[in-house]
Amino acid sequence: MKLDELGNWRRTHLSNEATPKLAGAEVVVMGRVGDVRDLGGIKFFILSDISGSIQVTAPKAKTDKKILGKIDSLTQESTVAVKGKVVAAEQAPRGVEVLPSEIRILNLAITPLPLDPRGRVKANLDTRLDARALDLRRSESLAIFKIRHQALQSVRDHLISEGLIEVNTPKIVATATESGAALFPISYFEREAFLSQSPQLYKEVLTGCFERVFEVGPIYRAEEHDTPRHLNEAISIDIEVAYATAEDVTKILEDLIVKVFSQVKRTCAKELKVLERKLEVPRKPFPRITYDEALKNLEQAGVKVPWGEDLPTPAERKLGELVGGAYFVIDWPMATKPFYTMPKRDDPKLADAFDLMYGEIELASGGTRVHQETLLVKQLKQKGLNPQSFESHLQNFRTGLPPHAGWGLGLDRLTMVLTGAENIRECVLFPRDRKRLTP
RNA sequence: GCCCUGGUGGUGUAGACCGGUCUAACAUGCAGGCCUGUCGAGCCUGCGCCUCGGGUUCAAAUCCCGGCCAGGGCGCCA
């Protein structure tokens, strides 16, 4: 069948702007076709757009045959433009409908669709991700990304209000920034380069220029992890602040989390309801648990973690159960933290660093950083790294880099926590994991 | 990478343990029909499936082995 052109038609109204008050007006609405119901003498279809939906009603006796024919040819999820008169009708959903005077079929969707976008039959996550563009039309998916959008906006508002400026650092880099995580090598002309696993080194350097910076950007980790909360490409919210310590940036983080939660709760009530998510805004100050206390509590609960090791997943789970909500784990052993971490003044075995947890999920980690070259070189060596390969970074420390502190917060994980999603892939439009490289 | 579980129409499931009665069921979907107020419309008719390869057996969706894929757990990691 031949499709119609958009031509000079433009939307005059979003579907939810059509209300009984608008009765008598001629409108042009555009959107996707939902249910088509043919009752013989009268035909209906639901037109949905980003704002909601409106019923288009065509009584056989009063409607042009050409229009009736077009309605018959519609398939679910096809895209149409409808010009017609708004009519108040008690029998219609929302008490209002449009009687079409002309319909343009802009694109026809195939049938059957790879999944049911109205969710009457639930599809597996894998099926959904394979047909992600269609899956993202589902109300639950839309809700997740609306919440993600709001969270990100709140993050930006808050950090800017704290006097931070937004920066962008290279994602193609020459060396690793963390000792642990594996890198994706890429071919950079005649040399090997890597995808950046963290903006860490750049944001530290920028505290010497802009004093307070933040970045929202992708980070790449070539880890083989295959879990519901890891991705190989993630979006990280990173801050770094001059003349500050871990405790200072902890406060920024705490305020930020409270702001994000309360703004999402206020502005995304509809979306939270779609997701059946009851969001509780954490109260300040968040509990602060030392690493030693965490280990003690875990041992009492039957989970043993040797001192000096990072918390494995089962331990994080148990701790999440024991504490719940948002809390900080502080005073980590230096061995668990990267080379740029400042040791505590009164106990150099411990790092002046923290993790922000929400339940069992690690949302953020940060701390005071080393700003003296000699100590940094010493710690690089202790981690088995070669200071020579960090020469271009180290030279920044010779020109008066101020003391500084910062953190990195995972946007995808933050979205998980806000939406209650059990798999991080739900919270990313087109996730990249161990096995998935498309779509 | 390891362990566990699974793979049945477009989608989601049942059947499998205990091989035959499976000509594979249900829901949704799709196609057609009836119906002038549907709104997860209803009713009627129809369409469409056993992941791939090998093995056991008179007989395999069902049992065994392997591949591929997926989900969960772990490790690694944020």
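Convention: sequence-line order gives letters A, B, ...; per-chain numbering from 1.
- If you take atom P in B:A25 and the same atom in B:C35, they sit 31 Å apart, rounded to whole Å.
- For the pair A:Lys122 NZ and B:U13 P, the computed distance is 12 Å after rounding to whole Å.
- Remark: B:C68 base-pairs with B:G7; criterion is Watson-Crick or G-U wobble with both hydrogen-bond distances under 3.5 Å.
- In terms of modelled atom types and a separation under 3.5 Å, the side chain of A:Asn423 and the main chain of A:Glu426 share no donor-acceptor contact.
- B:U56 is unpaired under the Watson-Crick or G-U wobble criterion, no partner having all donor-acceptor distances under 3.5 Å.
- Base pairing analysis places B:A31 opposite B:U45; the two distances defining the Watson-Crick or G-U wobble pair are each below 3.5 Å.
- If you take atom C1' in B:G15 and the same atom in B:C77, they sit 42 Å apart, rounded to whole Å.
- B:C49 and B:U28 are spaced 15 Å apart, taking the C1' atom of each and rounding to whole Å.
- Rounded to whole Å, the C1' atom of B:C52 lies 26 Å from the corresponding atom of B:C47.
- Between A:Ile424 and A:Thr127, it is A:Thr127 whose nearest contact on RNA chain B lies nearer the 5' terminus.
- Protein atom CG of A:Leu39 is 11 Å distant from nucleotide atom P of B:G42, rounded to whole Å.
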Polar atom pairs between nucleotides 67-74 of chain B and protein, under 3.5 Å, N or O only, would you list them?
{"residue": "B:G72", "atom": "OP1", "partner": "A:Asn423", "partner atom": "ND2", "Å": "3.4"}
{"residue": "B:G73", "atom": "OP1", "partner": "A:Arg317", "partner atom": "NH2", "Å": "3.1"}

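- A donor-acceptor contact closer than 3.5 angstrom links the side chains of A:Gln55 and A:Thr57.
- Using modelled atom types, no side-chain atom of A:Arg212 and backbone atom of A:Val241 make a donor-acceptor pair closer than 3.5 Å.
- Taking atom CH2 of residue A:Trp332 and atom C1' of nucleotide B:A78, one finds them 11 Å apart after rounding to whole Å.
- In summary, the side chains of A:Thr290 and A:Asp292 do not present any donor paired with an acceptor at a separation below 3.5 Å, with no hydrogens or angles considered.
- Checking side-chain atoms of A:Thr75 against main-chain N and O of A:Ala109 turns up a donor-acceptor pair under 3.5 Å.
- Residue A:Leu231 is in base contact, counting any heavy-atom pair closer than 4.0 Å across all strands shown.
- Atom CD of A:Glu97 is separated from atom P of B:U36 by 16 Å (rounded to the nearest Å).
- B:U51 and B:A60 have their C1' atoms separated by 16 Å, with the value rounded to a whole Å.
- For B:U21, there is no paired nucleotide, since no Watson-Crick or G-U wobble pair has both relevant distances below 3.5 Å.
- With a cut-off of 3.5 Å on both pairing distances, B:A61 has no Watson-Crick or G-U wobble partner at all.
- For A:Glu90 and B:U38, the CD to P distance is 13 Å, given to the nearest whole Å.
- For A:Gln55 and B:U36, the CD to P distance is 16 Å, given to the nearest whole Å.
- Residue A:Glu316 is classed as having no contact, given no heavy-atom separation below 4.0 Å to the nucleic acid.
- Judged by Watson-Crick or G-U wobble contacts below 3.5 Å, the nucleotide B:G1 has B:C74 as its partner.
- Note on A:Lys203 versus A:Glu240: salt bridge recorded, some NZ/NE/NH1/NH2 to OD/OE distance being below 4.0 Å.
- For the P atom pair drawn from B:G54 and B:U62, the interatomic distance equals 14 Å after rounding to whole Å.
- Nucleic acid contact class of A:Lys60 (heavy atoms, under 4.0 Å, all strands): none.
- Nucleotide B:G40 holds its P atom 9 Å from the CD1 atom of A:Ile46, rounded to whole Å.
- What separates CZ of A:Arg434 from P of B:G75 is a distance of 18 Å, to the nearest Å.
- A donor-acceptor pair is defined here as one N or O able to donate and one able to accept, closer than 3.5 Å; no such pair exists between the side chain of A:Arg94 and the backbone of A:Thr19.
- Pair assignment for B:A16: none, as no Watson-Crick or G-U wobble contacts are both less than 3.5 Å.
- A donor-acceptor pair under 3.5 Å is absent between the side-chain atoms of A:Thr207 and the main chain of A:His404, judged by distance alone.
- There is a side-chain donor-acceptor pair under 3.5 Å between A:Ser15 and A:Asp49.
- Pairing partner, B:U38: none, since no Watson-Crick or wobble contact has both distances short of 3.5 Å.
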Q. Going through the distances and angles, do A:Phe194 and A:Tyr220 end up as a ring-ring contact (aromatic ring centres under 6.0 Å, His included)?
A. CA-CA 9 Å; A:Phe194 303 95; A:Tyr220 300 92; over 10 Å; no
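- For the P atoms, the distance from B:G29 to B:G75 is 44 Å, rounded to whole Å.
- Across all strands shown, A:Pro93 has heavy atoms under 4.0 Å from base atoms, whether or not it also approaches the sugar-phosphate.
- At distances below 3.5 Å, at least one donor-acceptor pair connects side-chain atoms of A:Ser141 with backbone N or O atoms of A:Asp135.
- Rounded to the nearest Å, the gap between the C1' atom of B:C65 and that of B:G20 is 24 Å.
- A:Asp116 has no carboxylate O lying under 4.0 Å from a charged side-chain N of A:Lys122, or vice versa, which leaves the two without a salt bridge.
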Q: Do nucleotides 26-32 of chain B as a string where each nucleotide becomes B, S or -: B if the base has a protein heavy atom under 4.0 Å, S if just the sugar-phosphate does, - if no protein is that close.
A: --SSS--
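- Residue A:Ala364 is out of contact with every strand shown, counting any heavy-atom pair closer than 4.0 Å.
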